[in-house]
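Numbering of ligands and ligand atoms starts at 1, following listing order. Below, each value reflects all heavy atoms present in this structure, side chains not excepted, and no hydrogens, waters or symmetry copies. Predicted model, so just to flag it, every value in this text is computed and none were measured.
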Amino acid sequence: MNTPADKKYRPAVIEVEGISAYYRDNSVLENISLKVFQGEIFVIVGESGCGKSTLLKCMIGLYRPDDGRISIRGTDLVSAEDEELQQVRKGFGVLFQSGALIGSMTLAENISLPLLEHTDLPAEMIDEIVRMKLRLVNLSGYEDYLPSELSGGMKKRAGIARALALDPQILFLDELSAGLDPVTSAGLDRLVKDLNAVMGTTMVIVSHELNSIMNIADRVIMLDKSTRGIIAEGNPREIRKNSADRRVYNFFNREPH
Ligand SMILES: Nc1ncnc2c1ncn2[C@@H]1O[C@H](COP(=O)(O)OP(=O)(O)O)[C@@H](O)[C@H]1O
Ligand SMILES: [Mg+2]
């Protein structure tokens, strides 16, 4: 499926310009620039350890890059004061790779946490929002379950419900389907596409699952561990067909496992 026509010509919501990131003396990202447009599903791909999670952390203001600029709807994250950063981050929903729910709390309690922390809504309204978010991810009726009573895919969906609690404009998902079976993984892909279509939420997703990338991405960038830069950018189908770069071609033309 190509990028739907109505996703073209939308404004950029995230602009990354020439960022570099280091851990101590180890360079991980060098001179990375990209734009994420409103309402698109933008996927970051590349082999393990190439800096995908680091780039995501830069984009949500959790890691300050050593160089460059990141602007979210016009606010520069790199130079922002803490308070301004907090304000911008309220507009983000995030599910980390290890994004565990709190095991001793029910799903309803987990999902109400961001609402209790960031709003003054009365308890009945929070309950209603929690029910609504669980319905969105097809977990109606699981309000009183503990995370340990759910399958891996259901936990991920509950994590998405929590990330959606504050109606974010941008949803960041790191390795959503890592370690899940193909059927569960395909279900999560469908959910991501449905949420994007229904709510228009901009999605920034880290993935190395080729099937998933081909299914959901409007646009992808591929990071490379040795050059620490972007080696491909664009529509995944066009990249698969047209890339002249061996590393890129091989990644996008792997046999599905
Ligand atoms: N907190 C950290 N301290 C030191 N090195 C790190 C840290 N986080 C990640 N790294 C290193 O940075 C590189 C990129 O990591 P990461 O962004 O997690 O890659 P990916 O998500 O693509 O697997 C890896 O070599 C990793 O070992
Ligand atoms: Mg990672």
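Y63 has its ring centre no less than 6.0 Å from the ring centre of Y22.
With sequence neighbours excluded, no residue forms a side-chain hydrogen bond (donor to acceptor under 3.5 Å, both in side chains) with S104. In this structure, the ring-ring contact (aromatic ring centres under 6.0 Å, His included) partners of Y142, at least two apart in sequence or on a different chain, are Y145. Applying the salt bridge (Lys or Arg N to Asp or Glu O under 4.0 Å) rule to E143 yields no partners; only residues at least two apart in sequence or on another chain are considered.
Between atom CZ of residue R247 and atom CE of residue M222 there is a gap of 7.5 Å, rounded to the nearest 0.5 Å.
The 4.0 Å heavy-atom shell around ligand 1 contains residues Y23, V28, E47, S48, G49, C50, G51, K52, S53, T54, ordered by chain and number.
At a cut-off of 2.8 Å, S53 coordinates the Mg ion (ligand 2) through an N, O or S atom.
Salt bridge present: E233 and R219 bring a charged side-chain N and a carboxylate O closer than 4.0 Å.
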